[in-house]
K.L.:
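The structure's right below; bear with me while I get my questions together.
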Amino acid sequence: MNSAFASERSEKIKTSGEIKVCIWPGYFAISYRNPRTQQLEGVDIEMAHELADSLGVKLNFVESSFSKLASNLKNDTCDIAMHGVGIRDSRKPHMEFSQPYLASGIYAVGTKENEEIARWDDIDQDGVIAVVQKGTYMEPVVKERFKQAEVSVVDSFKAREQEVMSGRADVFMTDFPYGKRMVALTSWAVLLSPEQPFAKTGYAYAVPKGELEWLKEVDDFLAVMKKTGKLYQFAAKHGLSEIVVHQ
């Protein structure tokens, strides 16, 4: 990064010798702690290493979550959140968003055994139960757009899986990375993709509210990662090439 235009935040990072990056270690292919190896992996783990290298500092991962996102940025727990943060209006009063680097619509996860629900167009039918997680951007979208299926709301992402595995629901709604996780790590799940993007949402990095100079440095970094092809390389490595935002 060009130190001639360094922000107060990046100067602080360089003075301390480390950058604090908030991640959610449960986000498959994004910022995931592999339970077998206990190592962090995913596109944002790779991108965080690149960001730290560009600043010439040590990388310090801070385990966070979406529920802690706003408070961790406000309280200076981390300098930046790098775990596929969806650009949502409800979050904008609390943080600044970089340019999007990934974009995912809503997908569905069903079971291989359920022959009645074999493709996306089978979902919005009478008698079908679709599960969404409370508080996600998917909840109001699915409730509004599904006209025939019953929409069931649960409190946690694990509860979504349990509802489908138990047979109490037919599918649960998720994004592309989590859907890929289910297919990769279970023997029963199938990912159902809409022909056209369904409620597509951009994913970005988040920095503390009002820190526009630091935000510009992050955007400049992202532009370089896109131009050099490194972002696409990292995304492809983790199975996310189809949701990369190239511009």
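All of these numbers come straight from a predicted model, not from anything done at the bench. What you see below is based on every heavy atom in this structure, not just the backbone, and it leaves out hydrogens, waters and symmetry mates.
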K.L.:
In terms of side-chain geometry, is the basic nitrogen of D122 or R119 positioned less than 4.0 Å from the acidic oxygen of its partner?
P.N.:
yes
K.L.:
Does a salt bridge link E217 with R9, judged by any charged N lying under 4.0 Å from a carboxylate O?
P.N.:
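Salt bridge absent between E217 and R9.
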K.L.:
Between the side chain of T186 and the main-chain N/O of V183, is any donor-acceptor distance below 3.5 Å?
P.N.:
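Side chain of T186 to backbone of V183: no pair is present.
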K.L.:
Has the side chain of R160 got a donor or acceptor atom that lies under 3.5 Å from a matching backbone atom of V154?
P.N.:
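No, R160 side chain to V154 backbone: no donor-acceptor pair under 3.5 Å.
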K.L.:
Answer whether the closest heavy-atom distance between the side chains of M82 and L51 falls below 4.5 Å.
P.N.:
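They are in side-chain contact.
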K.L.:
Under 4.0 Å between a side-chain nitrogen and a carboxylate oxygen: does that hold for R181 and D175?
P.N.:
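So R181 does not pair with D175 through a salt bridge.
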K.L.:
Do you know which of Y27, Y205, W24 makes side-chain hydrogen bond (donor to acceptor under 3.5 Å, both in side chains) with D44?
P.N.:
Y205
K.L.:
Taking all atoms of both residues into account, what is the closest heavy-atom pair of S64 and L69, and its distance?
P.N.:
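Residues S64 and L69, closest heavy atoms: OG-N, 4.3 Å.
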K.L.:
Which residue pairs pass the disulfide (SG to SG under 2.5 Å) test when at least one of the two sits in residues 34-144, sequence neighbours left out?
P.N.:
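Every disulfide (SG to SG under 2.5 Å) pair that includes a residue of residues 34-144, provided the two are not neighbours, is C22-C78.
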K.L.:
Do the charged groups of E139 and K143 touch, with an N to O distance under 4.0 Å?
P.N.:
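Yes, this pair counts.
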K.L.:
Any idea how F198 and F146 line up, ring-wise: parallel (<30°), tilted (30 to 60°), or perpendicular (>60°)?
P.N.:
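Tilted: the ring planes of F198 and F146 meet at 30° to 60°.
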K.L.:
Taking the six-membered ring of F61 (Phe, Tyr or Trp), confirm whether the NZ or CZ of R33 is under 6.0 Å from its centre and within 45° of its axis.
P.N.:
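Checked: cation-pi criterion not met.
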K.L.:
Could you tell me which residues satisfy side chain to side chain contact (heavy atoms under 4.5 Å, CB included) with Q148, sequence neighbours excluded, listed by chain and number?
P.N.:
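Side chain to side chain contact (heavy atoms under 4.5 Å, CB included) check on Q148 returns D124, D126.
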K.L.:
Check whether any side-chain heavy atom of M47 sits under 4.5 Å from a side-chain heavy atom of L231, and report yes or no.
P.N.:
yes
K.L.:
If you look only at pairs with a residue in residues 81-92, which of them pass as a side-chain hydrogen bond (donor to acceptor under 3.5 Å, both in side chains), with sequence neighbours excluded?
P.N.:
D89-K92
K.L.:
In terms of hydrophobic clusters joined by side-chain contacts under 4.5 Å, are F221 and V245 together?
P.N.:
no
K.L.:
Any side-chain to backbone donor/acceptor pair from D170 onto A130? Under 3.5 Å, distance only.
P.N.:
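No, because the side chain of D170 does not come within donor-acceptor range (under 3.5 Å) of the backbone of A130.
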K.L.:
Would you call the rings of Y32 and F28 parallel, tilted or perpendicular if under 30° counts as parallel and over 60° as perpendicular?
P.N.:
perpendicular
